[in-house]
Protein chains: 2
Amino acid sequence: MDLTEAQAIVDEALSARKMAIIVGECSVKYHGRAASKLSSGERVVLIKGDGSFLVHQNSGLAAINYQPPKGTITTKLGEDTLVIRATRKKPAELLEAIFSKVFSASSFSLRDDSSLRVFGTEKNLSDLIMQKPDLVEEGLTVLNQESPLSKGKIDIFARDKKGNSVVIEVKRRTAGLKEVTQLQRYVDEVGKRLDTKTRGILCAPKITPSALHMLEEKNLEFCTLDYEIHNPSAKIRSIKKKQKGLGDYL
Amino acid sequence: MDLTEAQAIVDEALSARKMAIIVGECSVKYHGRAASKLSSGERVVLIKGDGSFLVHQNSGLAAINYQPPKGTITTKLGEDTLVIRATRKKPAELLEAIFSKVFSASSFSLRDDSSLRVFGTEKNLSDLIMQKPDLVEEGLTVLNQESPLSKGKIDIFARDKKGNSVVIEVKRRTAGLKEVTQLQRYVDEVGKRLDTKTRGILCAPKITPSALHMLEEKNLEFCTLDYEIHNPSAKIRSIKKKQKGLGDYL
DNA sequence: GCGATCAGCGGCACG
DNA sequence: CGTGCCGTTGATCGC
């Protein structure tokens, strides 16, 4: 396809805020928060109505180069090239796709009012625990969900049978080291404000060995959260307290 | 475009591992690590040679639904629909795009041997500090880069003039709470193995107020890392030690 | 394969 | 705006 023709199609799409799809051979330069160079190859470029700019190769899930929405996009015809440039300020960034060949350029006005509904998120699981805190521990009284801390927020804040404060951090997938330190931070801050004894419970489907080790060192607790996702919601199958050194008896 | 015709184009692309681009009205269902529903709307679907599957709306940088590479993709013609299904096991996931209309379906064999070269990464900055450790502190001797710890690795491990061990963690952007706890973890582990005094220095362009507070509480140190990216590499302009409570005198 | 970490992370919510 | 944090995070590298 002629580069001039391709430019006309892209320009029209830009002014009408339509989705533009350009397939061709291009190189890509980026300069902003970092800098990158991608030498010539055949790719697909998507330009969306909000200014989102994506360069896709024929492999890999993620776009190889991109520019977030709300910037400015311009086209420029060179000697033997069509240059499409996407810029934004704050942060100052420039993305440039230099096309030497365009196989196809097209645009589409896409009507789409729908937004995604997701189930099985952390918040979703947290809600379910809120409804049945006994699953975590018998006699637990929930005081608050998403309690704002000076920095960050506690998923679930509760009180146990003995009157101790309990901080529960819920994770939808395997917990690692940073999840333990995150919980520790919350426990520290709560312990500083109220000076009652404060327990911390990490609630996740799994925990890595080293994270479990660190957790026990800090006298925090772990609960295995067994859940399933059966449309259109998540459901907790069980929450079991991790017995310290259970494996030693097997 | 006729759905049968669209299916033929997609099938041919799949068997030849070409990039397929389908534009049309579809709804999308996902079930796997989580679950989601996206009701009908007009979108662009990309299917790549490696099986990557992407559903894009006309706004937003990220794909609204997707399936990572290496799965299986099949098409099925229904009464008035074309269903494209992408599945994978481990984790078990199913993504289904149900097309009621297809405006355009096309495929492209894309030749592309290039991979992205990026500058201004953390590793890049770490390398530069390795070459001139004096920028961080006069008299610093680098012992090791990317020292493997039992879990994780230290960006730069050094010794100061007085013979203390120094753990340096480099960040390419504003450091927050989790970067402080990360450094603390490394310092703790080093301190446990060698029982010399161990200092920890966080080196980043900025640090958030609460992170700075926590850092000082833990007797760790912060250095402002001022760098610029001038193709094709990064360059450090300066590294300045954060004076404790400097702001108090202003 | 799991585990830990980086990423131009993106996106959202809240102050 | 910055700050914190979740995400179907993805991608990479080491064990």
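In this text the structure is predicted, and so the values were computed from the model without any measurement. A note on names: the letters A, B, ... follow the listed sequences, proteins ahead of strands, and every chain is numbered from 1.
- Within 4.0 Å (heavy atoms only), B:Glu169 reaches sugar-phosphate atoms of the nucleic acid but no base atom.
- Applying the 4.0 Å criterion to OP1 and OP2 of C:dT5, one finds that B:Tyr186 has a side-chain N or O inside that range.
- Picking from D:dT8, C:dC6, C:dG10 the nucleotide with the shortest atom distance to the side chain of B:Leu95 gives D:dT8.
- One finds no side-chain N or O of B:Thr174 lying less than 4.0 angstrom from the OP1 or OP2 phosphate oxygen of D:dG2.
- At least one side-chain nitrogen or oxygen of A:Tyr66 sits closer than 4.0 Å to the OP1 or OP2 atom of C:dG10.
- With rounding to whole Å, B:Ile207 atom CD1 is found 16 Å from D:dG2 atom P.
- Among the protein residues, B:Lys178 comes within range of no part of the nucleic acid, since none of its heavy atoms lies under 4.0 Å from any strand.
- Going from atom CG of B:Leu61 over to atom P of C:dG8 covers 13 Å, rounded to whole Å.
- Backbone-only engagement by B:Pro209 is indicated by non-hydrogen atom pairs under 4.0 Å involving sugar-phosphate atoms exclusively.
- Going from atom CG of A:Leu177 over to atom P of C:dC6 covers 12 Å, rounded to whole Å.
- We find that CD of A:Gln184 is positioned 14 Å from P of D:dC5, with the value rounded to whole Å.
- For the pair A:Glu122 and B:Pro68, nearest-nucleotide mapping onto DNA chain D gives the more 5' position to A:Glu122.
- Applying the 4.0 Å criterion to OP1 and OP2 of C:dC9, one finds that A:Arg33 has a side-chain N or O inside that range.
- Distances from the side chain of B:Arg185 to the nucleotides C:dG11, C:dG3, C:dT5 place C:dT5 closest.
- The existence of a salt bridge linking B:Glu189 and B:Arg185 is excluded, since no basic side-chain nitrogen approaches an acidic carboxylate oxygen closer than 4.0 Å.
- Atom pair A:Ile229:CD1 and D:dG7:P shows a separation of 11 Å (rounding to whole Å applied).
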Verdict with supporting geometry, B:Lys192 and A:Glu217, salt bridge (charged side-chain N to carboxylate O under 4.0 Å, His left out): CA-CA 14 Å; B:Lys192 210 172 285 180; A:Glu217 236 176 23; 3.5 Å; yes

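- Which of D:dG7, C:dA4, D:dC6 sits closest to the side chain of A:Arg172 comes down to D:dG7.
- Within the 4.0 Å cut-off from OP1 or OP2 of D:dT8, not a single side-chain nitrogen or oxygen of B:Ser36 is found.
- Distances were taken from every side-chain heavy atom of B:Ala34 (C-beta onward) to each of D:dT8, C:dG3, C:dA4; the shortest belongs to D:dT8.
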Side chain to side chain contact (heavy atoms under 4.5 Å, CB included) assessment of A:Arg199 paired with A:Glu221: CA-CA 8 Å; A:Arg199 299 166 52 198; A:Glu221 301 159 55; 2.7 Å; yes

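- Residue B:Gln182 has no polar side-chain atom (N or O) positioned under 4.0 Å from OP1 or OP2 of C:dA4.
- One can find a donor-acceptor pair under 3.5 Å joining the base of C:dG8 and the side-chain atoms of A:Gln67.
- Annotation: D:dT8 and C:dC14 have their C1' atoms spaced 25 Å apart (nearest Å).
- Where A:Tyr30 and B:Gly60 each meet DNA chain C at their nearest nucleotide, the meeting point lying more 5' is that of A:Tyr30.
- Among all heavy-atom pairs drawn from B:His56 and B:Arg43, the shortest one is O-CB, 3.3 Å.
- The phosphate of C:dG15 has neither OP1 nor OP2 within less than 4.0 Å of any side-chain N or O from A:Lys153.
- Checking D:dT8, C:dG8, D:dG4 against the side-chain heavy atoms of B:Val118 singles out C:dG8 as nearest.
- Computed from coordinates, the B:Lys123 NZ to C:dG8 C1' distance equals 18 Å when rounded to whole Å.
- A:Asn58 CG to B:Arg111 CZ: the interatomic distance, rounded to the nearest 0.5 Å, is 12.0 Å.
- Atom-to-atom, CZ of A:Arg88 to P of D:dC1 comes out at 12 Å; the value is rounded to the nearest Å.
- Distances shorter than 4.0 Å separate none of the side-chain N or O atoms of B:Lys90 from OP1 or OP2 on C:dG1.
- Listed pair B:Arg173 / C:dC9 meets the phosphate criterion, a side-chain N or O lying under 4.0 Å from OP1 or OP2.
- Minimum interatomic distance between B:Tyr227 and B:Arg237 (heavy atoms only, all atoms of both residues): O-NH2, 3.9 Å.
- Where A:Ile64 and A:Pro69 meet DNA chain C, the nucleotide closest to each residue was compared, and A:Ile64 sits on the side nearer the 5' end.
- Spacing between atom NZ of A:Lys89 and atom P of D:dC1 amounts to 13 Å, rounded to whole angstrom units.
- To the nearest whole angstrom, the two P atoms, one in D:dC5 and one in C:dG8, are 22 Å apart.
- For A:Arg117, no side-chain nitrogen or oxygen approaches OP1 or OP2 of D:dT8 to under 4.0 Å.
- Among the protein residues, A:Gly152 comes within range of the sugar-phosphate backbone only, with heavy atoms under 4.0 Å from sugar or phosphate atoms but none that close to a base.
- Considering every non-hydrogen atom in both A:Ala175 and A:Ala204, the closest pair reads CB-CB, 4.1 Å.
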